[in-house]
Every structure is written in structure tokens, then in C-alpha cells.
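Only one structure is covered here, and it is reproduced in the block below.
Reckoned from all heavy atoms, side chains included, excluding hydrogens, waters and symmetry mates. In what follows, chains carry the letters A, B, and so on, assigned in the order in which the sequence lines appear, proteins first and then strands, with residues in each chain numbered from 1. From a predicted model like this one, the values you see are computed outputs, not experimental measurements.
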Protein chains: 2
Amino acid sequence: MRNDDRFDQTDARLLLALAAQPRATAVALAEETGLSRNTVQSRLLRLEQPGVLDTFEQRIPPRALGYPLTALVTMVVTQQRLDEVADALAGVPEVLQVHGISGQPDLFVHVVAEDADDLYRIAGQMLAIPGVERTNTALVMRELVSYRIRPLLEKRVLPPASR
Amino acid sequence: MRNDDRFDQTDARLLLALAAQPRATAVALAEETGLSRNTVQSRLLRLEQPGVLDTFEQRIPPRALGYPLTALVTMVVTQQRLDEVADALAGVPEVLQVHGISGQPDLFVHVVAEDADDLYRIAGQMLAIPGVERTNTALVMRELVSYRIRPLLEKRVLPPASR
DNA sequence: ATCCAATTATGCGATCTGCTCAACTCGAAG
DNA sequence: CTTCGAGTTGAGCAGATCGCATAATTGGAT
């Protein structure tokens, strides 16, 4: 049984081309990558299969939807109720992502808000969830390094010597 | 002067359709949204302009590149050296994103690693950066709520009463 | 009532897609 | 070394889509 959910070098090259022009046609991607159109097409088909690439939603900036504020909230939770709390958090639209982490804060919550008042309201909503013992909110002032994964991608494409 | 970098309801509907089928043709999107093909095309053109949508890289899961471990690292930094530290962090491929935040930890760093040893190595690299005073690493055990922005999108599409 | 920007409708040739088939490459197994 | 098979390539074809233009329509602001 092969490991199908892992990108090989061909995938990586294709993804780099897609990163440059996300809506490029298969023909254009074939030229860009040096692969044949057939290969590009069959690879694309697999990539857009559910569970392979992350969702398109990742590309939608909250700022452009009217949510310029981002906050990172850590939470200490009554451990037995962790799943309950997660469900309750999922009910809050402004909660974009929740991570369960090791160590003292149990949860890590990514939140957006329209303004300071809005954030205060959302923080209140989160504190009111049964099982939440303590929270700490940090406002994001600046994105010093924007999300990027290209360095890792290129690492997979370039090195012909290592493997 | 209009506010061009903000999505209206039409954009939101288009984005929802794209979320369902990221590589759908303009014709298909027109049908799905009830808009004309021309509108879809001109909107798409604007959306793929640099600086409007986030990069395609957001959709590439690090796990599929061989980085199954995710860690969230908080940092206390000599404040005058904040930009220096950010630059140094940008030089580490496994650093996917860095946020400057308000409060005691100054930086928030999103890191991936191949395994525990790899993470240890990367953590060492980060600690060695001049200006870094203290770090705290938390391992991500589970993604309790996967990144999603659809709730906010739908909020913009549905409510004809509120505005 | 008038104006203006955005959307829609329609049409055109060039391009691309979805699909198929045969030939080729190359590493693994026998 | 030979055989096998998966992945890739090249070629071809009908039909769909794209990119672009032009004119009509809509709906909100002046």
C-alpha cells in the first residue's frame, strides 16, 4: 500500500506553478513545469480531491470581509470538558481556528473582530462557555512574517543531491 | 474614492462558490451564483490580482510535505531588536508565520517540523537568534476547529435585513 | 429627470478541456 | 537479464470555455 497522501517532487513543482498563478490553465501549468498536459491534468484532479489540499477558504483574508482585528486567545479549560468547549467555540462565527495544545494553556484560539467593541463582546462569549476557567487575549499588532510554505516546497524541488 | 479592497455581497457569493469548487470554470461559477459570465470573469480578474486574495500557499498542508508536527512558539524579545529577530526567523524555512502581539510574549511563531528531533533542532536555532530572551514551545495535539471562514462569508451573503 | 458605474446579453475566433489510445521510461520483482 | 506495471508522454478529436468587444439594461446618486 503506497502513501498516497504525500506530495512528490512533481507535485511540488506543480504547486509552485499554481502558487504563481492559481487559476492558470492546465496547458499553461504544463509549460511552466515542463510536464505534459496529461500529467498536469491527472495531478490536478488528485489535488482537488477532498482532503488533499486545504480548503479555498484559507485564501480569503478576514480583513476584506470587514474584520481587521485579529486576536490570539489562550484558554485554560476543565480538562474533561475539552470537547464541549471546542463545540461551543465552533458555534462562534468569529472563531476561525482552534488548536488543542500541550502544556498549561489547553487551547489556542484564533479570533477575528470588526473592532475593539466587537472583540470585547466575543471575548465575553468565550468566557461564558461552561468549562472555560481562564482566558488570555493577545492582539495581533503586525504580521512580521506572512504565512508562507514556499521555502519548504522549494526544498523538495531543488535538492537532487540529498535523496 | 471607493473602498476597493473590501468584498461586497457579490464577491462573497462568488467566493462561496469557489470554496465549493476552487477550479470551477467561469461558466460554472456563473451558473452557481446566478451572475452573468462577464461579471464572474471581471470579478475573478480582480480577485486574483496580487494583494486581494491570500496566496495559494495557504492551501498546501505542511503534513503532505513531510512536516506532521506543528508547534506554537511564544517569544520574549529585546524590544529594540524586534525587526532583527523577525528577519532572522524569516530565514528559518520551518517558520511558517510570525505575529507581533500585544502583551508579555512579544512574538508568536508558527513552526512545523518533521519529527521531535527536528523540532528540537529548530527550537535551538530560534533561541540562538540575538535578541531572543525567552521562548515557550507548545505542541499542537489536535486541530479542534479547522480553519474556516465560511460562517463570516455566509453572514455577508444571507442577511438582507440588517444593512 | 439625468447621469454614471456596474451588470447583463450576445457574438466571435482562438484556446482549452475531457477523453481516448498507443508508445515510452524506468524502477522493482522474478 | 527479462518481464511487469505504474506513471508519463504525445497525438488527436469534438465540444466547452476563454478573452474580448459592443450594445442594452439596471439601479443608485446627483
Completion exercise
From the candidates dG12(D), dT9(D), dA21(D), the one with an atom nearest any side-chain atom of Leu35(A) is dT9(D)
Handout entry: Out of dC16(C), dT7(C), dT8(D), whichever nucleotide has its closest atom nearest the side chain of Thr10(A)
Key = dT8(D)
Problem - Ion pair check, Arg13(A) and Asp8(A), cut-off under 4.0 Å - result: no
Handout entry: Basic-acidic side-chain contact under 4.0 Å: Arg59(B), Glu57(A)
Key = no
Fill in the blank from the handout: For Met141(A) and Ser102(B) the tightest heavy-atom approach is CG-N, 3.7 Å
Exercise for the section: Between Arg23(A) and Thr39(A), name the one whose nearest nucleotide on DNA chain D is closer to the 5' end. Expected result: Thr39(A)
Handout entry: Position toward the 5' end of DNA chain D (nearest nucleotide), Ser36(A) or Arg37(B)
Key = Ser36(A)
Just how far, in rounded Å, is [atom2] of [N] from [atom1] of [X]?
X        : N       : atom1 : atom2 : value
Glu31(A) : dC16(C) : CD    : P     : 8 Å
Arg13(A) : dT8(D)  : CZ    : P     : 11 Å
Asn38(A) : dC21(C) : CG    : P     : 13 Å
Leu29(A) : dT15(C) : CG    : P     : 18 Å
Leu14(B) : dT8(C)  : CG    : P     : 12 Å
Gln9(A)  : dG27(C) : CD    : P     : 13 Å
Arg43(B) : dG19(D) : CZ    : C1'   : 19 Å
Leu44(A) : dC19(C) : CG    : C1'   : 16 Å

Completion exercise
By nearest-heavy-atom nucleotide on DNA chain C, the more 5' of Gly34(B) and Thr25(A) is Gly34(B)
Practice task
Take the angle between the ring planes of His110(B) and His99(A) and call it parallel below 30°, perpendicular above 60°, tilted in between.
Solution key: perpendicular
Exercise for the section: Using side-chain contact (heavy atoms from CB on, under 4.5 Å) as the criterion, point out the one residue from Val73(B), Thr74(B), Thr135(B), Val85(B) that pairs with Leu107(B). Expected result: Val85(B)
Exercise for the section: Ignoring backbone atoms, test whether Gln41(B) places a side-chain nitrogen or oxygen under 4.0 Å from the OP1 or OP2 oxygen of dC20(D). Expected result: no
